[in-house]
Amino acid sequence: MDELYRDYILDHYKEPRNFGELDPHDLEWHDHNPLCGDELGVHIVVADGKVADLRFHGTGCAISQAAASIASEELIGMPVEEVGGLSADWVFELLGIDISPTRRKCALLNLKVMRGATTGDASWPEVAAS
Amino acid sequence: MAPLALNVRADFPVLAGDIAYLDSGATSQKPEAVLAAMDSYYRESNANVHRGVYGLARDATELFEGARARIAEFAGGDTDLTIFTRNATEAINLVAYAWGREHVGAGDEVLITEMEHHSNIVPWQMLCQEVGAKLRYLSVSEDGTLSLDELDSVLAEGRVKLVALTHVSNVLGTLNPVAEVAARAHAAGALVLVDGAQAVPQLPVDVVETGADFYAWTGHKALGPTGIGVLHGRREILEAMRPFMGGGDMIGRVDFDTSTWNELPFKFEAGTSPIAEAVGLGAAIDYLRGIGMDNVRAHERDITAYTLDRLAELDWVKVFGPLDVERRGGAVSFAVEGAHPHDIAEICDRHGVCIRAGHHCAQPLMRAIGVNATARASFHVYNSREDIDRLVAALEDVHAIFGS
């Protein structure tokens, strides 16, 4: 099996979960990866302080789309205030594949967008020194 | 048709490894002759130019100015109208600042095209925003070309002060009819700047024949080092222009409050010049002339035609840009069904195939052709048909992973 393009990565890329739009929604954010021009946006519905529902939209490579899709399944039901504290490692562990430095932003775009929507922080998630 | 091989790969030390380097549109590899010329300059002739009266300084000045003279001749320009810059981007910015801010004002228009690199977009956006002028774009047709009729109709409105366009598109490969554009622009009273960053490395270019008032290109895509670009200009225009940057070497005389300017081309070369880089670029164009630019172009055309033929066999690959090799240069952008360009480039890398993926610093063009990014293979003298066969094998692998 391919080390990067594993079956579950390709599955989430080809049939992404929770993709589309949500109207009405409570929170939204839109951002892009300046390296490749890929774009990702999110709509979030909040209930009882938790992410009740969300939809991602945009275009991107297999890594960025799979990361958004896999993460979306974890994010639904999560307290909104916890989202801002999620780290880059949280995404890398969810993906379960070795992400090279040149592809990190692909993997992290969805977390950047989620943090933007929930905290207004538009910075890239920091990657812990390895 | 029999393959047209130049058999020069062994001249390029980086290519001793087992890679198919298909990213010359981003930067070319450097032949041993360029590395040796720069090394020997630093070891044997290093001194600052134009000032010292000692022998070493004379040697350095002769090497530097000798390179300028050969580079000017290579591109068909006069030596004193051949200005060294840091790269093509700086050459374009030089014109935007030193000419644009004097001659483009409120209500005027700068006309560029949808296929420009950001380096030939952003300086004009900045200029237009600053002076209250309007930036307009010529559209790119379905087949990746410009329309001269559209050019005529915009020029006929009478507000265009400058037409700035690329000679060869870095994304689509389109070879633009710059001489025809220049003739029409001049008839309408506009000047013309041509971005030759992708043209000079692969075509015989005579900057005077292009009709351009300003012609910009860069060394590192033409087998030379990074850190040196070239701006050719028309004499009466350059003479009337104010300097771009102030500093040493560009002055005639400096008093406490005012200065006078040095003669061309030094008026536009403030500070210590990229001396070793000029020597290296001189060696690069000597190398290209040794092959012959007609042969370089013929080889580029052969590789491009072969690439288009091989990609046409793959019905899950879509090629962007002109399909007629007479109307295009050696950069082929493409899409693979179901696969994002980044994933294509990643899988190609595993096959030792170096291609580019992304927006190629041409985001307006990406929007115009309706994609976020493309994959691009681009060529130079060291490439062979075997490199393209390796690309195709890598793309078969992409299709195996991403095809539905």
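Letters go in sequence order (proteins before strands), and every chain restarts at 1. Since the model is a prediction, treat every value here as computed from it, not as a measurement.
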If you round to the nearest 0.5 Å, how far is CD of Glu346(B) from SG of Cys106(A)? 8.5 Å

Got more than 12 heavy atoms from elsewhere within 6.0 Å of CD, Glu126(A)? no

Ordered numerically, the heavy-atom neighbours of chain B under 4.5 Å found in residues 48-62 of chain A are Thr59(A), Gly60(A), Cys61(A), Ala62(A)

Going from CZ on Arg350(B) to CG on Leu4(A), what distance comes out if it is rounded to the nearest 0.5 angstrom? 5.5 Å

Relative to chain A, which segment of Ala339(B) carries a heavy atom at a distance below 4.5 Å: side chain, backbone, both, or neither? backbone

Verify the neighbour count for atom CZ of Arg9(B): are there more than 12 heavy atoms of other residues, nucleotides or ligands below 6.0 Å? yes

Output the residues of residues 66-89 of chain A for which the shortest heavy-atom distance to chain B is under 4.5 Å, in residue-number order; output 'none' if no such residue exists. none

Tabulate, in ascending numerical order, the residues of residues 10-29 of chain A having at least one heavy atom closer than 4.5 Å to a heavy atom of chain B, or enter 'none'. Leu10(A), Tyr13(A), Lys14(A)

Nearest-0.5 Å distance, CD1 of residue Ile401(B) to CD1 of residue Ile9(A): 12.5 Å

For Glu114(B), side-chain contact (heavy atoms from CB on, under 4.5 Å) partners two or more places apart: Tyr137(B), Ser139(B), Val140(B), Ala368(B)

Does atom CD (Gln125(B)) have a neighbourhood of more than 12 heavy atoms from anything else shown, all under 6.0 Å? yes

I'd like to know whether CZ of Arg356(B) has more than 12 heavy-atom contacts from other residues, nucleotides or ligands below 6.0 angstrom. no

Does a side chain donor of either Asp38(A) or His342(B) reach within less than 3.5 Å of an acceptor in the other side chain? no

